[in-house]
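Down below is the structure, laid out as structure tokens.
Lettering follows sequence order; numbering is per chain, from 1.
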Amino acid sequence: MMIIQAFFMKALATSLKRQTHFCTLKTRFNFPPRTSFCVSNHALAQRSEDDPDVHHLFDESPEGARCSNRLLFERSRNNRHSEVLSLFMGVHRSGLPVDGSTISCVLKACAYSLDQNFGVQIHGHCTKCGFLNDVSVGTSMVDMYFKNGSVERGRRLFDQMGERNVVSWTSLLTGYAQNGLDAEVLQLFVRMQSEGVQPGPFTFATVIGSLSGERMVEKGLQLQAAAIKNGFQTATPVCNSLVSIYSKSGRIREAKAVFDRLSDRTAVSWNSMVAGYATNGLHSEALEIFHHMRLVNAKPSNMTFAAVIKLCTSIKELGFQQQLHCLVLKTGFEFDQHIRIALMVGYSKCKVMDDAFEIFSALGEEARNVVAWTAMISGYLQNGKAKRAVELFLQMNRESVKPNEFTYSTILSASPMVSPHQVHAQAIKANSEKSPTVGTALLDTYVKLGEVDEGSKVFDRIEKKDIVAWSAMVAGYALKRDTEAAVKTFVEMAEHGIKPNEYTFSSVINACASSMAPVQQGKQLHAWSIKSTFNNAFCVSSALVTMYAKTGDILSANEVFRRQQDRDLVSWNSMISGYAQHGHVNNALQVFDEMRRQNMEMDGVTFIGVISACVHAGLVEEGQRYFDMMVRDHCVEPTMEHYSCLVDLYGRAGKLAKAMDIINGMPFPPSATVWRTLLGASRVHRNLELGSLAAEKLISLQPQDSAAYVLLSNMHAMAGNWKERARVRSLMDGRKVKKEAGYSWIEVKNKTYSFLAADSSHPMSNEIYEKLEELRMRLKDAGYQADTDHVLLDVDEEHKEAILSQHSERLAIAFGLIATPPGTPLRVMKNLRVCGDCHVVIKLISKIEGRYIVVRDTNRFHHFKDGSCSCGDYW
DNA sequence: GTAGGGTTAG
């Protein structure tokens, strides 16, 4: 007996070490509403020693023994597991006798505080003392192992048990269900009955609760019918499980109906309802039920907390989270591993990393499992503290805690601070690379680093590709602007029988939002999304608006936008940006006003749209006004893009000095884009001095960007500095920078035709040049004179005119004119900017041919109609 | 209790 006692004492001392952690935790936290809770809790934690009741423990009379056990049961019923362990230590210190029920309570405490070490020690000594013959001790022991995740140990013990009643069987079923082994639950349920053990209400409840899949409600109702046959008509546990599976299937109203009919609600009933609302995203309903539960004095269990803390995690309400934390302390769930981690995550989501870390540190070494580490690492990453996250990841490795799939996918978002190749290698060693979670995270990381090929290799190796993996691959191709591959992957996925969801649709539609993509492709996907009823999802309709706008069909973009019943910030931004790209200033500003009238939140992107709309229309003062409004009224910190817009605004309007002032006044060093903008404006307004400065800066930032050299050499050419021009050209050659060839393309009858300047490869080349010649004559009659400044070769005037007339956009338009019936609108795309002379010519063509012509050059649209352009000649 | 995919600008 003495030996056993010494053993227990030592083990309990370890357990109590955690209690010290717990006390530090409580005294260190400092939020206002919990003061009273914490004081009383602190007292409670110490009371086990001071409590007059506890003094009975040291009274070795039979009365004392009874008292100690009564107290222990009472504490156990109230889930005060830490006190159960502490009382148990008292019992042993005074050598009082212990019976089976006491051991059961202690095992329950081990199960809930995940203290398997202590549980194993008790197991060993129970074997020696013969306690294991007690069916309830055996059952508690089985339960303890399952709750600690030791499925095999629990099962072995169960098989060894001499006597097994319905409770033992139900514990076994519950254990399997809790460890996610749902398939075994049904098998065991059948075996239990074949061994002549009649299932009880809890057995039915466990089996119903473990159901999953499409037909789960149907199967659940069948089981309920069987339960009724067995005489459990009104059994609360069965109804609770029904509430759960109704919620899981999204049938929350039916869940509530079952709940409302329940006359005898237990903590589990309330939990199921709270969790049901929470998992269906009905936050306020979930809170209401929780509140209702507190009003009727129903005791929350660990499951209640798990559900409510998770809820609080999604609504990110710090105050509520803190109150819940107090409530956890007050109700004695502070040792529940799940709840501690849930609280950690809650604090992380509320951006209070110090409090999250406090809980993490208090966990004690053996409780710091991989889940806790991963949650903490994820918390730091979500709060932008990648460095801290990496430190923790390394420390976790040092402490020999093995990372799991969650850990690998989490740490990958710290790339490139953590080398994805290294994580990849580690994941391969751990045999995790093929898991969809890790594979998808790897694929996404590679894609975002520009290594799409590496990403698609990882994708091929993922064993069971789920919807997330497929969507990530589609998004990867979309990012690389590889429309063909994105659409191919999307179709392949559908052929594999995986139904695309809103994310997949938004990615694949986004892949079609490039001018290279055939317009028809995007339209087909639009139709597909309508058939799959995802067209109304925020992300899908925003992608559609952008796709239509970018492929030149601003009317369809607006139609999608107008049909939206509900819009979020991105929806509005997409429409404003769309109009801005098309130079439809008034429409852009109208949408902005509408947005403001509806009190929608606005962000930096909204203002980039609005200001760039002003840029295209030359509305200098208005643009500046919107910039000021953004800073003053919407407290948006201007970014590089905003300054870039301002430089563009003043630059295009010819106010180059003011543009330079903006650059000099920026709070950060100007980016390549800013210099490129200034360079463009200097070229239009022929300011060689500023242009050279901008070009030099741009070349120093991006020595491989051909556009900078080309613009600079063009400027020298315009000023007639052929020597300087040659210098720039040779610089370019020396650095092996290749000039991007200018080309245009046009879609006719779902086929795309592209043209280089002076191209003669088209089968209808002769007809095209005849049409151009005819146009040249008619333009001349209309009074057109070529603006040969746009030709930058050192050749004579007549030759220059010939070069101009063969610019790729003119070839594409000429082809469009002869290949389509009169009056058909033409849509032409160009990879470089349209030159000033072509701009004049296309305006005239739109008039003399009576055509509506849309030309898209570097990310901007020109709508030519009746001899004028939507850009108002500011471009 | 921990995890991976999407939408706006440039």
Contact class for N404(A) vs. all strands (heavy atom < 4.0 Å): base, sugar-phosphate, or nothing? base

Touch class at under 4.0 angstrom, heavy-atom based, for T437(A) against every strand present: base

Which nucleotide sits closest to the side chain of Q382(A): dA3(B), dG4(B), dG1(B)? dA3(B)

Assign L443(A) to base, sugar-phosphate, or nothing according to its heavy-atom contacts below 4.0 angstrom with the strands shown. nothing

Nearest-Å distance, CG (L412(A)) to C1' (dG5(B))? 14 Å

What is the nucleic acid contact for K465(A), judged by heavy atoms within less than 4.0 Å: base, sugar-phosphate only, or nothing? nothing

To the nearest angstrom, how far is L544(A) atom CG from dT8(B) atom C1'? 14 Å

Should the ring pair F490(A) and W528(A) be called parallel, tilted or perpendicular, given that the plane angle runs from 0 to 90° and is split at 30 and 60? perpendicular

Counting any heavy atom closer than 4.0 Å, what does S409(A) reach on the DNA or RNA strands: base, sugar-phosphate only, or nothing? sugar-phosphate

Of the listed nucleotides dG10(B), dG5(B), dA9(B), the one nearest the side chain of T504(A): dG5(B)

For the residue pair H496(A) and W470(A), does the interplanar ring angle fall in the parallel (under 30°), tilted (30 to 60°) or perpendicular (over 60°) class? tilted

For S506(A), answer base if it contacts any base atom (sugar-phosphate contacts may also be present), sugar-phosphate if it contacts only those atoms, and nothing otherwise; contact means non-hydrogen atoms under 4.0 Å. sugar-phosphate

Option passing side chain to side chain contact (heavy atoms under 4.5 Å, CB included) with Y408(A) (candidates V423(A), L442(A), T374(A), T437(A)): V423(A)

Determine whether any donor atom in the side chain of N501(A) lies under 3.5 Å from an acceptor atom in the base of dG6(B), or the reverse, and answer yes or no. no

Candidate nucleotides dG5(B), dA3(B), dG1(B), ranked by approach to the side chain of H338(A) - the nearest: dG1(B)

Taking the side chain of N510(A) as its heavy atoms from C-beta onward, which of dG4(B), dT8(B), dT2(B) lies nearest to it? dT8(B)

Separation of atom CZ in F406(A) from atom P in dG4(B), rounded to whole Å: 10 Å

Of the listed nucleotides (dG5(B), dT2(B), dA9(B)), which one gets closest to any side-chain atom of Q581(A)? dA9(B)

So E641(A), base contact, sugar-phosphate only, or nothing? Heavy-atom distance under 4.0 Å. base

Measure the acute angle between the ring planes of W373(A) and F360(A), then classify it against the limits of 30° and 60° as parallel, tilted or perpendicular. perpendicular

Side chain of K550(A) only, please: which of dA9(B), dG6(B), dT2(B) is the nearest? dA9(B)

Answer yes or no for R340(A) and F333(A): cation-pi contact, defined as NZ/CZ to six-membered ring centre under 6.0 Å and angle to ring axis within 45°. no

Rounded to the Å, how far apart are H582(A) NE2 and dT8(B) C1'? 15 Å

Y477(A) OH - dG5(B) C1' separation (whole Å): 15 Å

For V345(A), answer base if it contacts any base atom (sugar-phosphate contacts may also be present), sugar-phosphate if it contacts only those atoms, and nothing otherwise; contact means non-hydrogen atoms under 4.0 Å. sugar-phosphate

Regarding R567(A) and the six-membered ring of F538(A), is the cationic atom NZ or CZ under 6.0 Å from the ring centre and inside 45° of its axis? no

Pair E594(A) + R562(A): basic N to acidic O under 4.0 Å: yes

Given dG5(B), dG4(B), dA9(B), the nucleotide with the shortest approach to the side chain of A472(A): dG5(B)

Whole angstrom value for the distance that separates P of dA3(B) from NZ of K349(A): 6 Å

Proximity to the side chain of V570(A) - top-ranked nucleotide from dG4(B), dT8(B), dG10(B): dT8(B)

From C-beta outward on A441(A), which listed nucleotide comes closest to its side chain: dG1(B), dA9(B), dG4(B)? dG4(B)

Please give, in whole Å, the distance from dG10(B) C1' to D603(A) CG? 14 Å

Heavy atoms from C-beta onward define the side chain here; which of dA9(B), dT2(B), dT7(B) lies closest to that of S378(A)? dT2(B)

Please report, rounded to the nearest Å, how far the C1' atom of dG5(B) is from the CD1 atom of I462(A). 11 Å

